[in-house]
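Notes to accompany the following structure.
Small disclaimer: the values here were computed from a predicted structure and weren't measured. Below, read A as the first sequence line, B as the second, and so on, with proteins coming before strands; counting in each chain starts at 1. Below, all heavy atoms of this structure are taken into account, side chains as well, without hydrogens, waters or symmetry copies.
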Protein chains: 2
Amino acid sequence: MSSVNQVYIAVIGAGGVGRHFLSQLSVLSHKVPNISLVLISRSTKSLRASHRTTPLSLETWEKDLEASTSPALTVDQTLKFLQELPDKRVLIDNTSSQDVADAYPAFLNHGISIVTPNKKAFSSTLDLWHSIHESSYRPYDPYLGRGLLYHESSVGAGLPIISTLKDLIDTGDTVRRIEGVFSGTMSFLFNNFAPVDGKGGKWSAEVRKAKEAGFTEPDPRDDLNGVDVARKLVILARLVGLQVQSTESFPVQSLIPVELEGAESGEVFMERLGEFDKQMDEVKNEAVLEGKVVRFVGSVDVGRRALKVGLEKLDKAHPIAGLEGSDNIVSFYTESAGGAVTAMGVTADLIKVIQRVS
Amino acid sequence: MSSVNQVYIAVIGAGGVGRHFLSQLSVLSHKVPNISLVLISRSTKSLRASHRTTPLSLETWEKDLEASTSPALTVDQTLKFLQELPDKRVLIDNTSSQDVADAYPAFLNHGISIVTPNKKAFSSTLDLWHSIHESSYRPYDPYLGRGLLYHESSVGAGLPIISTLKDLIDTGDTVRRIEGVFSGTMSFLFNNFAPVDGKGGKWSAEVRKAKEAGFTEPDPRDDLNGVDVARKLVILARLVGLQVQSTESFPVQSLIPVELEGAESGEVFMERLGEFDKQMDEVKNEAVLEGKVVRFVGSVDVGRRALKVGLEKLDKAHPIAGLEGSDNIVSFYTESAGGAVTAMGVTADLIKVIQRVS
């Protein structure tokens with residue numbers, strides 16, 4: 001496995017997303033033969049390939065990890081392990097760990113590429129953001145290689161939001177406004193609670209239904225506090241150049257009734273949520289009286305440097321109102337039109353070619 | 001300009017899209033210093049850089065091309081010119097020429113990358129499609145380099161449709177159905193002719209308005225015949241693996257009244273279009289009676305290998321019904337959900353890293 005074109009892959013986190021990723025990597029490895037899985041580390045255990053000899057098995061990794069007696073690697077140990085491998089190393093961080101995120105600059109500075117859905121790396125302090133991006137934009141170093149950084153899934157959930165925004169910026173378009181529904185959970189809740197046809201159930205019943213369908217975190221307050229949407233918005237705003245300090249620098253509406261913020265568990269919260277259905281009904285009915293629907297929206301007004309997360313009343317014909325299921329949507333309002341837009345597609349493609357041949 | 005990292009760029013077509021592209025390339029060249037523009041060729045004139053010495057000026061190209069006495073290069077001459085340059089050459093084909101498209105395999109086989117919005121390359125014969133893709137998927141050759149192929153703008157018009165579809169396929173998702181409004185012109189016409197609120201003008205008046213606003217081809221029949229949408233659909237269907245022979249292998253509804261197909265000019269067509277408003281009103285009213293709106297939709301049912309382009313009646317809450325202006329929309333209906341979707345974003349990112357470091 002020491003071929004010059006070998007790409008060495010280390011995976012931290014082997015839970016929900018991590019497990020799906022490893023199964024997709026197994027499919028990919030049949031088409032891309034130069035992939036070598038060299039490390040899997042989760043909270044309690046780890047599995048390492050012997051350097052430059054045999055990669056880990058993508059077929060039996062789950063059993064092999066279970067049988068491993070090695071404890072989880074610290075972030076430093078992971079970095080050291082990857083440093084000892086030749087060029088072309090990728091860290092896949094499938095955790096939501098702040099510790100791992102804090103070490104991204106160190107990985108990138110050693111020429112190790114990073115692919116991750118971890119929002120914390122890009123939505124916590126502005127200092128970390130700058131440090132990560134300065135490290136990933138270093139020029140190619142023939143000894144260290146170059147650390148590339150991709151984090152589409154930190155915002156996208158299947159939609160190519162970050163890559164589209166980067167293409168707009170790289171090709172010289174001006175983004176005026178970003179607006180969308182950035183949470184599958186919030187989408188599911190409001191599409192059912194306040195559908196365009198005016199029906200829909202009680203708020204607490206819809207939250208319960210979403211929880212039972214697996215659309216919420218174990219404690220639904222982790223969705224309803226709006227922080228997940230706020231983090232995604234911080235990432236997009238920073239990408240367009242706004243120096244947003246944190247998720248606390250702008251208004252984020254929480255849908256947790258004040259009285260239930262301190263409820264001792266998710267179960268207690270769910271039991272008592274029905275007491276507050278009247279508040280949400282008022283919000284819904286107010287929108288209905290105006291011929292509108294209520295949705296949980298995140299927006300960035302770039303010119304005014306204003307971010308906002310919370311309930312909005314929208315026309316029924318608004319693209320957001322027509323969402324279904326747990327779908328996300330995002331709109332970029334930009335300056336270009338017509339032939340310039342087609343040309344931007346061409347220029348964005350050219351940038352990808354240059355990145356691959358340079 | 002003979003640095004090892006220099007990327008040599010030849011541009012064919014310097015009209016609408018070509019001119020916008022060159023202006024974006026000028027902006028890009030300030031950020032990416034290793035770009036050398038070496039050729040601009042349009043229908044009557046061309047401008048070539050002296051090999052390996054001074055690239056063309058991105059500031060004065062328009063005046064320089066005007067002053068040039070060199071005739072347009074043939075496709076063979078263009079290929080020969082690029083062959084004589086070192087590795088890392090990109091042909092930007094901003095034409096809609098079948099001749100240029102037919103030569104893509106030759107360019108790619110010589111390690112020249114291609115970036116283009118030219119639909120004809122990918123929607124004419126299935127043989128050409130296979131020939132182009134076999135040439136672009138050749139392994140890297142240290143002498144010739146490798147010809148990469150990007151053609152987002154052949155379908156997208158600003159939306160990342162092809163790259164998203166490729167990511168879905170590359171990460172192992174199964175695409176069941178593709179559906180959308182693939183024409184800015186058709187979008188503009190129907191959003192105004194049959195808006196969700198039930199109003200809207202006469203069909204011929206809306207076509208005239210679209211023409212005057214620059215949203216149609218000089219002869220609007222070139223939009224109304226549905227062929228542009230059909231071509232885009234062929235490209236997407238072939239990308240998911242369907243062996244579609246041509247745009248004539250499936251039903252494509254033309255909105256040109258049979259009586260006006262032979263009208264001698266676009267002007268005559270426009271003058272007489274009003275005689276057929278009643279037909280379009282009937283279509284609109286039939287939809288209204290069912291509480292729906294009519295739109296011009298393209299769809300691919302992957303399982304049934306069925307493509308279709310034409311008028312459809314849609315619920316007012318359907319994402320397509322809520323479009324505004326000349327916006328396009330496309331929906332991919334796939335198999336994956338939840339954690340697998342997030343993991344696919346990670347896997348797609350990893351593929352991009354591997355492509356760049358390999």
Side-chain angles (χ1 to χ4, degrees), chain A residues 5 7 9 16-17 19-21 24-25 27-28 32 34-35 88 90 92 94 113 115-117 145-146 148 150-153 156-158 160 163-164 167 170-172 196-197 214 317-319 321-323 338-358, chain B residues 5 7 9 16-17 19-21 24-25 27-28 32 34-35 88 90 92 94 113 115-117 145-146 148 150-153 156-158 160 163-164 167 170-172 196-197 214 317-319 321-323 338-358:
Chain A
N5 252 322
V7 180
I9 295 174
V17 172
R19 182 183 309 251
H20 281 294
F21 167 75
Q24 291 167 20
L25 187 64
V27 175
L28 186 67
V32 185
N34 60 331
I35 292 174
K88 302 182 184 171
V90 187
I92 312 283
N94 281 323
S113 296
V115 170
T116 184
R146 181 178 42 195
L148 301 173
Y150 282 83
H151 58 101
E152 188 63 79
S153 287
S163 54
T164 302
D167 282 351
D170 287 347
T171 56
V196 173
D197 68 11
H318 194 288
L323 277 192
V341 172
T342 305
M344 277 177 174
V346 176
T347 305
D349 278 352
L350 174 62
I351 293 170
K352 290 177 184 91
V353 170
I354 293 172
Q355 286 173 336
R356 287 181 64 178
V357 299
S358 289
Chain B
N5 252 322
V7 180
I9 295 174
V17 172
R19 183 184 309 253
H20 281 295
F21 167 75
Q24 290 167 21
L25 187 64
V27 176
L28 187 67
V32 184
N34 59 333
I35 291 175
K88 302 181 184 172
V90 187
I92 312 283
N94 281 323
S113 295
V115 170
T116 185
R146 180 177 42 194
L148 301 172
Y150 282 81
H151 58 102
E152 187 63 79
S153 287
S163 53
T164 303
D167 282 352
D170 288 345
T171 56
V196 173
D197 68 12
H318 193 287
L323 278 192
V341 172
T342 305
M344 277 178 175
V346 176
T347 304
D349 279 352
L350 173 62
I351 292 170
K352 290 178 185 91
V353 171
I354 293 173
Q355 286 174 337
R356 286 181 64 179
V357 300
S358 289

Excluding sequence neighbours, so at least two apart, what forms salt bridge (Lys or Arg N to Asp or Glu O under 4.0 Å) with A/Asp167?
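Expected list: A/Lys352.
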Under the salt bridge (Lys or Arg N to Asp or Glu O under 4.0 Å) test, residues paired with A/Arg146 that sit two or more places apart
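Once residues adjacent in sequence are excluded, A/Arg146 has no partner under the salt bridge (Lys or Arg N to Asp or Glu O under 4.0 Å) criterion.
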With a 3.5 Å distance limit and no angle check, can you tell me whether A/Gln24 reaches the backbone of B/Ala340 through a side-chain donor-acceptor pair?
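Between the backbone of B/Ala340 and the side chain of A/Gln24 there is a qualifying donor-acceptor contact (under 3.5 Å).
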Interface residue of largest heavy-atom contact number with chain B, from [options], under 4.5 Å:
{"options": "A/Ala343, A/Ala348, A/Gly345, A/Ser163", "result": "A/Ala343"}
{"options": "A/Leu323, A/Ile35, A/Leu350", "result": "A/Leu350"}
{"options": "A/Val7, A/Val353, A/Val32", "result": "A/Val353"}

Against chain A, label B/His151 side chain, backbone, both or neither, depending on which of its atoms sit under 4.5 Å from a heavy atom there.
backbone
Which atoms of [X] approach chain B - backbone, side chain, both or neither, heavy atom under 4.5 Å:
{"X": "A/Val346", "value": "both"}
{"X": "A/Val27", "value": "neither"}
{"X": "A/Thr342", "value": "both"}

Identify which of [options] forms the greatest number of heavy-atom pairs closer than 4.5 Å to chain A.
{"options": "B/Gly322, B/Ser153, B/Gly172", "value": "B/Ser153"}
{"options": "B/Ser113, B/Gly158, B/Pro160", "value": "B/Pro160"}
{"options": "B/Asp197, B/Thr164, B/Val196", "value": "B/Thr164"}
{"options": "B/Leu148, B/Val341, B/Ile9", "value": "B/Leu148"}

Hey, could you give me the CG/CG distance between B/Leu28 and A/Asp170, rounded to the nearest 0.5 Å?
8.0 Å
Roughly how far apart are A/Ile92 CD1 and B/Asp349 CG, rounded to 0.5 Å?
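Between A/Ile92 CD1 and B/Asp349 CG, I get 8.5 Å after rounding to 0.5 Å.
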